[in-house]
Amino acid sequence: MSQEIKGQGIQSLEVGLAILKKIAVEKRPLTITHIAQICEMPKSKVHHYLTSFCRSGFLQKGEDLKYTLGSELVLLGLEAVDAMDINELALPYLQEISDALNETVYLSLWGMNGPFFIRYIESKRAIKIGIRVGSQVSVTKSSSGKVFAAFLRNEETEALIKKELEEDKMDSELFYQELQEIREKGYAQSDSTLAPGVAGISCPIFNRNNQIMATVSILALSGTLDISENSEAIRLLKENCLKLSMLLRFKGY
């Protein structure tokens with residue numbers, strides 16, 4: 001339980017942070033007019049905050065004059081992630097999978113707009129996957145996203161799923177059928193949908209409340225990794241994710 005914070009704060013800072021939160025919730029580039037509307041503030045006042053946030057790198061302004069979250073804000077989020085136990089606890093398990101298969105293995109968490117990678121162990125292969133820490137991936141196309149979609153069911157995930165299904169004109173019935181299969185099998189897979197020529201398999205990590213808190217993914221060049229149901233890769237992935245979940249006091253299925 002967090003401690004209640006008492007005492008006088010800096011009101012302008014709190015107003016600015018509230019503006020950032022509202023921009024983040026929108027999950028799309030916004031004009032200053034829209035930002036002023038959702039914040040219920042005059043455009044002239046909002047402009048001062050936006051200018052400071054752009055200078056600090058917390059926001060970025062595109063050529064279309066719309067604002068999105070900036071790289072410095074993402075880096076702050078990653079610094080917070082680095083302080084989380086899961087980041088360090090998962091390292092030996094990621095290493096074991098990578099060493100056994102000589103493939104790149106990723107750890108991801110759920111972010112505001114879906115899963116994002118927070119750590120990886122790179123393979124020793126000459127050709128690299130090229131997906132780095134901080135990369136955000138699709139909920140409906142990546143194996144990691146599909147695992148979260150299967151096990152993290154709430155209004156936030158449903159909204160993202162619906163948005164992606166509509167934008168990509170995907171068959172929603174087939175997708176939800178796939179999610180049911182993921183829950184039954186305990187893993188998800190993708191091939192050339194996260195990135196062209198990249199195949200992936202992902203498994204969930206659960207906490208002591210039996211809630212998904214992260215995923216571990218193996219990403220490889222399509223055709224170089226056996227992702228069939230009884231493959232060594234899936235066995236290793238499921239085995240190590242279960243070990244990590246048990247370390248986090250997961251009570252079992």
Side-chain angles (χ1 to χ4, degrees), residues 86-87 89-111 114-125 127-133 135-153 157 161 164 168 170 174-206 212-248 250 253:
I86 185 65
N87 206 359
L89 288 175
L91 183 58
Y93 300 94
L94 303 183
Q95 190 72 61
E96 181 176 337
I97 298 169
S98 183
D99 289 346
L101 301 173
N102 191 23
E103 300 292 359
T104 303
V105 183
Y106 291 83
L107 178 69
S108 64
L109 294 182
W110 181 263
F116 65 100
F117 295 126
I118 65 168
R119 164 160 260 166
Y120 71 99
I121 303 294
E122 196 163 52
S123 74
K124 298 179 177 64
R125 297 181 184 273
I127 301 177
K128 306 302 182 184
I129 296 298
I131 300 174
R132 300 304 181 190
V133 165
S135 297
Q136 191 101 33
V137 295
S138 166
V139 182
T140 57
K141 294 181 178 179
S142 69
S143 57
S144 177
K146 288 188 280 190
V147 169
F148 275 112
F151 293 99
L152 184 66
R153 304 302 297 275
T157 54
I161 290 170
E164 289 191 13
D168 297 317
M170 297 171 63
L174 287 178
F175 180 74
Y176 283 106
Q177 181 179 328
E178 183 179 7
L179 295 189
Q180 180 58 37
E181 294 173 356
I182 291 168
R183 285 188 285 270
E184 293 171 356
K185 294 180 178 180
Y187 70 92
Q189 59 189 57
S190 63
D191 196 349
S192 296
T193 50
L194 171 61
V198 175
I201 50 176
S202 301
C203 278
I205 298 170
F206 297 100
I212 183 173
M213 64 177 303
T215 66
V216 175
S217 306
I218 304 171
L219 299 184
L221 297 179
S222 297
T224 64
L225 177 67
D226 182 0
I227 58 175
S228 60
E229 186 171 357
N230 297 315
S231 66
E232 177 70 3
I234 289 180
R235 184 194 67 79
L236 269 171
L237 184 60
K238 292 177 70 174
E239 183 180 284
N240 279 279
C241 283
L242 180 58
K243 287 179 182 177
L244 183 52
S245 295
M246 298 300 285
L247 189 63
L248 295 167
F250 172 54
Y253 300 103

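Residues: numbered from 1 along the sequence shown. Quick caveat: nothing in here was measured; it's all calculated off a predicted structure.
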Less than 4.5 Å apart, side chain to side chain, heavy atoms only: is that true for Thr215 and Ile205? no
Less than 4.5 Å apart, any side-chain heavy atom of Val133 and any of Tyr120? yes
Are Lys146 and Thr140 side-chain neighbours, meaning at least one heavy-atom pair lies under 4.5 Å? no
Non-hydrogen atoms of Ala150 and Ile182 that approach each other most closely: CB-CG2, 3.8 Å
Hey, what's the ring geometry for Phe117 with Tyr106, parallel, tilted or perpendicular (30° and 60° as the breaks)? tilted
Between CG on residue Leu107 and CD1 on residue Ile121, distance to nearest 0.5 Å: 10.0 Å
Verify side chain to side chain donor-acceptor pair (under 3.5 Å) between Ser202 and Ser144, making sure each step is shown before the conclusion. CA-CA 5 Å; Ser202 301; Ser144 177; 4.8 Å; no
Output, in order, the C-alpha distance, side-chain angles, deciding distance and verdict of side chain to side chain donor-acceptor pair (under 3.5 Å) for Ser222 and Asp191. CA-CA 7 Å; Ser222 297; Asp191 196 349; 2.6 Å; yes
Closest non-hydrogen atoms of Gly145 and Pro115, given as atom of the first, atom of the second and distance, are CA-CG, 3.5 Å
Side-chain contact, heavy-atom cut-off 4.5 Å: Val139 with Thr157? no
Any side-chain heavy atom of Asp99 within less than 4.5 Å of one from Lys124? yes
Nearest 0.5 angstrom please: Ser98 OG to Glu122 CD, how far? 9.0 Å
Reference residue Leu174; test side-chain contact (heavy atoms from CB on, under 4.5 Å); the match among Met170, Glu178, Gln177: Gln177
So do the side chains of Phe250 and Leu242 get within less than 4.5 Å of each other, counting heavy atoms only? yes
Once the angle between the rings of Phe148 and Trp110 is folded into 0 to 90°, is it parallel (under 30°), tilted (30 to 60°) or perpendicular (over 60°)? tilted
Kindly indicate whether the side chain of Ser190, heavy atoms from C-beta on, has any atom under 4.5 Å from the side chain of Lys141. no
Charged N to carboxylate O below 4.0 Å: is that the case for Glu103 and Arg125? yes
CD1/Ile97 to CG/Leu101 distance, rounded to the nearest 0.5 angstrom? 7.5 Å
Gln189 side, atom CD; Ser228 side, atom OG - distance, nearest 0.5 Å: 8.5 Å
Do Met213 and Leu109 touch side chain to side chain, with heavy atoms closer than 4.5 Å? no
Thr224 versus Ala220, closest heavy-atom pair with distance: OG1-CB, 3.8 Å
Quick one: CD1 on Ile218 to CD1 on Ile234, what's the gap to the nearest 0.5 Å? 8.5 Å
Spatial distance of atom OG (Ser245) from atom OH (Tyr93) [nearest 0.5 Å]: 9.5 Å
For Cys203 and Cys241 the tightest heavy-atom approach is CB-SG, 3.5 Å
Using the rule given for side-chain contact (heavy atoms from CB on, under 4.5 Å), can you reason through Arg119 versus Leu94, listing the C-alpha separation, both sets of side-chain angles and the distance that settles it, and then say yes or no? CA-CA 9 Å; Arg119 164 160 260 166; Leu94 303 183; 3.8 Å; yes
How close do Leu225 and Ala233 get, heavy atom to heavy atom, and via which atoms? CD1-CB, 3.8 Å
Closest approach of Tyr187 to Lys238 (non-hydrogen atoms, all atoms of both residues): CD2-CD, 4.1 Å
